[in-house]
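Taking it in order: structure first as structure tokens, then the write-up.
Note that the structure is predicted; figures quoted are calculated from it, not measured. Protein chains get the first letters and strands the later ones, always in sequence-line order, with residue 1 at the start of each.
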There are 2 protein chains.
Amino acid sequence: MSGDAQISRLKPGRRTDIRRENERAILDAAEKVFAEAGFGGATMQLIADMAGLPKANLHYYFATKEDLYRRVVQQIFEIWLDAASSFDNAPGPVEGIGAYIDAKMDISRTHPHGSKVWASEVMHGAPVIQDYLETTLRDWTNGRIAVIQRWIDEGKMQPINPRHLLYMLWATTQHYADFGHQIQTLNDGKPLTDTQWREAKTSVRDMVLRGIGAI
Amino acid sequence: MSGDAQISRLKPGRRTDIRRENERAILDAAEKVFAEAGFGGATMQLIADMAGLPKANLHYYFATKEDLYRRVVQQIFEIWLDAASSFDNAPGPVEGIGAYIDAKMDISRTHPHGSKVWASEVMHGAPVIQDYLETTLRDWTNGRIAVIQRWIDEGKMQPINPRHLLYMLWATTQHYADFGHQIQTLNDGKPLTDTQWREAKTSVRDMVLRGIGAI
DNA sequence: CTTCACCTTGACCATACGGTCAGGAAACGA
DNA sequence: TCGTTTCCTGACCGTATGGTCAAGGTGAAG
């Protein structure tokens, strides 16, 4: 049975596996190169080298540089949307916003490249993901604003402007990814340790939750 | 007399003026193009067009693209350092940090391009301004941490980690420049009005000052 | 007027880049 | 085994870019 399961997972796969593995290798390499060099500064050759494939092979899987870039941006966006679930079904701001901060701080640590690519994209006027901003992000934002407003109405936090609270959450959590290099430099050139990351999360959570009068 | 003054201001100038005006035009254009396209995506031709000069003329004033870029980055750094004076000679966090937030929010509004160029530079590992981070910025940071710590010791605010407070200040204020496009999209595609900027400043200041227990 | 330093610029060059393609290898189904 | 689909890749191409240069213009000093 376990044999069958294995076969049925691999069988329709050998070919599919090759494709999936190569796409994965390319996407990972691309995320890093786009983050470190920007879209304009990134070269297909560099991505290919980092992925361990000849450049022509990249164009077999991704028609153009833009296609590849688009996929990288979509990836981080989906990861963030998933993290947003921490927000829902929370009884109040302490649990909801606290969990959201935790989740976003974790992502900043585990996906710093994706965060930078997103930041870069938005800074350049979001040429590729403008539609996402106008649809998915806008809807998501309005939904959370409603939730926060409800918490305010229920007296669970101070009457602050929910929109600017969200901006502060995004800014502060993503800062640890986007400006990670600056933070590392100010930390004697060494990456934050586990303890320092915990300290960062606690500091951010405490300041924010106290700032909105939830604790 | 006024004639003399005018002459004495223009006299040693005709030639100098040309140089200064052209350098200014080039730097302004470069700041915008670097911010919108990134270092790699920016082209000397585009900067030249925006400055209204032939490309060859750019290379007369700035030897290389890197030279030009370096100057742009230094500019915003100095502007921020100036704003830091709001911090000093303040009796406590309400005045000091409040004024610092105000100043940085104003800069985000008036110099969004410079802020983006800086963000881009840091995100790409600060290849050009690493030494600034390790000297000027580190010293400045340590100085303010000491000030904040003193306020904490004097019981003027909660005992939070000063370093992470600074990160939050930088992140939050610069977010309004770096992610201005996203904010504008979420504001029905329209730039923030004067009123909305005031609202943003107040929101940020209130949340931060309450978050550190200063009010 | 002459001189000289500074400014301007069209034309040019070498390079590097994104993308193409043809031909071959490898995997799969029958 | 054979045919077909998928995958692989070295060689190549057109273009755009950063940078150069030589020749000419321009303002000011003597």
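Between B:Y60 and D:dC21 there is no side-chain N or O to OP1 or OP2 distance below 4.0 Å. The shortest distance between the side-chain N/O atoms of A:R19 and the OP1/OP2 oxygens of D:dC7 is below 4.0 Å.
Per the geometry, CD1 belonging to B:I18 stands 12 Å off C1' belonging to D:dG25, to the nearest Å. Atom-to-atom, NZ of B:K55 to C1' of C:dC13 comes out at 10 Å; the value is rounded to the nearest Å. Protein atom NZ of A:K65 is 16 Å distant from nucleotide atom P of C:dA16, rounded to whole Å. For the pair B:L58 CG and D:dT17 P, the computed distance is 14 Å after rounding to whole Å. Counting to the nearest Å, the P atom of C:dG19 and the CG atom of A:N57 are 15 Å from each other. Rounded to an integer number of Å, the gap from CG of B:D17 to C1' of D:dG27 is 13 Å. Distance NE2 (B:H59) to C1' (D:dG19): 5 Å, rounded to an integer number of Å. Rounded to an integer number of Å, the gap from A:F62 CZ to C:dG18 C1' is 16 Å.
Under a 4.0 Å N-O distance rule, the pair B:D28/B:R24 qualifies as a salt bridge. A salt bridge does not link B:D49 to B:K55: none of the charged nitrogens lies less than 4.0 Å from a carboxylate oxygen. With salt bridges taken as basic N to acidic carboxylate O contacts below 4.0 Å, one links B:R20 and B:D17.
Aromatic ring orientation, A:W170 versus A:Y167: tilted (interplanar angle from 30° to 60°).
When heavy atoms are screened at a 4.0 angstrom cut-off, A:A42 is found touching the sugar-phosphate backbone but no base atom.
Taking the side chain of B:A56 as heavy atoms from C-beta on, and the options C:dG10, C:dT8, C:dG19, the nearest nucleotide is C:dG10.
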